[in-house]
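One structure is given here, and the rest of the page talks about it.
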Number of protein chains: 2
Amino acid sequence: MPEQPPPRLDDIDAHLLDLLQHDAGRTLHDLGEHVGLSPSAVQRRIARYRRDGLITGQVAVLDPHRLGPTVLAAVLVTLDRESVEYHRAFAERMRSDRQVQQCYRVAGPWDYVVVLAARSTRDCGRLGDRLFKADGNVRRYETLMVFDTVKTGLALPLPAPEPSR
Amino acid sequence: MPEQPPPRLDDIDAHLLDLLQHDAGRTLHDLGEHVGLSPSAVQRRIARYRRDGLITGQVAVLDPHRLGPTVLAAVLVTLDRESVEYHRAFAERMRSDRQVQQCYRVAGPWDYVVVLAARSTRDCGRLGDRLFKADGNVRRYETLMVFDTVKTGLALPLPAPEPSR
DNA sequence: CTCGGGCATGCAAGATTATTGCGTCTCAGC
DNA sequence: GCTGAGACGCAATAATCTTGCATGCCCGAG
């Protein structure tokens, strides 16, 4: 039973997590002022989030275009045969490629949505060939080149403070 | 001239940035050991990345399913009329909604790819209605419910160490 | 070839921040 | 009303970050 019940979160937890998922660089003192707790109480809560696996990591977000020429693309993919083994192999390939930023298995006619990061349109094309054409089991894929990133992030909506209790 | 030329990055910069975009919680000492620098040198480089806008932020990553029931979806959207003003309004709506995790404007028959986070399939449906149906200018949208997150993150591929120079 | 400025580094204070022990408080269960 | 678990604040301690300073390297000017 790898799935544990989600730990209960009070309003302060929600507030804290929301602050952290937008800026994890703040001090415990600063966080404490926003949520109305002492630094040590904040620290203990955050330690608990980590223990519970609620916070899985802490990452620096880079600006793609400051890093040099960068091209993003969303790719829709449909596999040929539906065997579990083929899906596993495909997923593993996605996970292990550094240019694959995100990969979701989805419902509907498409099997996967993949977000790629490349250094040029040309590079992006080659990457698609390598990831999807070379794989004998991809029936079809469609590349949606990204013109513009309107919004990015991994932030999740947190339950609003409950009026009751 | 808002676009400045990307600052030059040596191999140590690439290594450091790569470490940081996977785990921004390490100490300067720890980072220094990996790249072969003292903590203070590491600190100064990181400060420079921030100044240059290369590192735009530092965020905590939450586990969607530990947070409670969570449903993700990728939505493909095509606007009705192509006026600049309509696009601006749509983009602004995406940016300001907490349940919109990511939004890309793309090439091809679809105008946008949007990633949503909701608390249930039902909630996701309502969210789609609110974001896209209520907007009189959305011609058509297609919701790809996410079964499984194969890979997630915002990490970008960094230039491999150049042998020359 | 030599000199000098710019820049990055390491080291060592000094300042800030994180962690932990301890006593207190609240609340649920008995 | 009692008891134990859990969360809190405070304060001391530990760890980490920040900064001043002297040194070394690279490169262009003279």
Side-chain angles (χ1 to χ4, degrees), chain A residues 4-62 66-68 158-165, chain B residues 4-62 66-68 158-165:
Chain A
Q4 293 181 346
R8 316 202 177 299
L9 299 181
D10 62 19
D11 295 350
I12 291 183
D13 289 320
H15 195 172
L16 256 184
L17 288 167
D18 200 38
L19 289 171
L20 289 170
Q21 76 174 343
H22 289 290
D23 181 2
R26 323 179 83 145
T27 66
L28 299 176
H29 177 84
D30 182 15
L31 292 166
E33 284 198 341
H34 281 269
V35 303
L37 285 181
S38 71
S40 53
V42 173
Q43 197 272 347
R44 279 185 267 248
R45 284 192 184 229
I46 294 176
R48 181 162 54 79
Y49 305 149
R50 286 188 211 285
R51 268 194 298 100
D52 294 347
L54 218 140
I55 290 183
T56 62
Q58 181 180 174
V59 304
V61 181
L62 309 187
R66 281 295 168 88
L67 213 54
L158 285 159
E162 297 174 13
S164 67
R165 177 179 335 183
Chain B
Q4 292 180 346
R8 315 204 177 299
L9 299 182
D10 62 19
D11 294 351
I12 292 182
D13 289 320
H15 194 172
L16 256 184
L17 287 167
D18 199 37
L19 289 171
L20 289 170
Q21 75 174 341
H22 288 291
D23 180 3
R26 320 179 89 148
T27 66
L28 299 177
H29 178 83
D30 182 16
L31 292 166
E33 284 198 341
H34 276 81
V35 304
L37 285 181
S38 71
S40 53
V42 172
Q43 197 271 346
R44 278 185 269 247
R45 285 192 184 229
I46 295 176
R48 181 162 54 80
Y49 306 148
R50 285 188 212 285
R51 267 194 299 100
D52 294 347
L54 219 144
I55 290 183
T56 61
Q58 183 181 175
V59 303
V61 181
L62 308 188
R66 281 295 168 89
L67 212 54
L158 285 159
E162 298 173 14
S164 66
R165 182 188 323 199

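In this text, all values refer to a predicted model and were calculated from it rather than measured experimentally. Letters A, B, ... mirror the listed sequences (proteins, then strands); counts begin at 1.
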For A:Val61, which residues count as a side chain to side chain contact (heavy atoms under 4.5 Å, CB included) partner, sequence neighbours excluded? B:Thr56, B:Val59, B:Leu154
Terminal contacting nucleotides, 5' and 3', DNA chain D versus chain A (heavy atom, 4.0 Å): D:dA7 to D:dC10
Taking all non-hydrogen atoms of both residues into account, name the closest pair between A:Pro39 and A:His29 and its distance. CG-CA, 3.9 Å
By salt bridge (charged side-chain N to carboxylate O under 4.0 Å, His left out), which residues pair with B:Arg48, not counting sequence neighbours? B:Asp13
Could you give the distance from OG (A:Ser38) to CZ (A:Arg44), rounded to the nearest 0.5 Å? 7.0 Å
For the NE2 atom on A:His22, are there more than 12 heavy atoms of other groups (residues, nucleotides or ligands in this structure) within a distance under 6.0 Å? yes
List in chain and number order the residues that pass salt bridge (charged side-chain N to carboxylate O under 4.0 Å, His left out) with B:Arg50, two or more places apart in sequence or in another chain; answer none if no residue qualifies. none
Ignoring hydrogens and geometry, is there a side-chain-to-backbone donor-acceptor pair from B:Asp52 to B:Leu54 under 3.5 Å? no
Work out which heavy atom in A:Ala24 is nearest to a heavy atom in B:Ala60; give both atom names and the distance. CB-N, 3.6 Å
If we fit an axis to the first five pairs and another to the last five of the helix from C:dC1-D:dG30 to C:dC30-D:dG1, what angle do they make, to the nearest 10°? 30°
Could you list all N or O pairs between the protein and nucleotides 17-20 of chain C that sit under 3.5 Å apart?
from	atom 1	to	atom 2	distance (Å)
C:dA18	OP2	A:Leu28	N	2.8
C:dT19	OP2	A:Gln43	NE2	2.8
C:dT19	O5'	A:Gln43	NE2	3.3

Residue list, salt bridge (charged side-chain N to carboxylate O under 4.0 Å, His left out) with A:Asp18, at least two apart or on another chain: B:Arg98
Just verifying a value: how many Å separate B:Tyr49 OH and A:Leu67 CG, rounded to the nearest 0.5 Å? 10.5 Å
Could you pull out the protein-nucleic contacts involving nucleotides 6-8 of chain C (nitrogen or oxygen on both sides, under 3.5 Å)?
none

Taking only residues two or more places apart in sequence or in another chain, which ones pass side chain to side chain contact (heavy atoms under 4.5 Å, CB included) with A:Asp30? A:Arg26, A:Thr27, A:His34
Using 0.5 Å steps for rounding, measure from the CG atom of A:Leu20 to the CD atom of B:Gln58. 10.5 Å
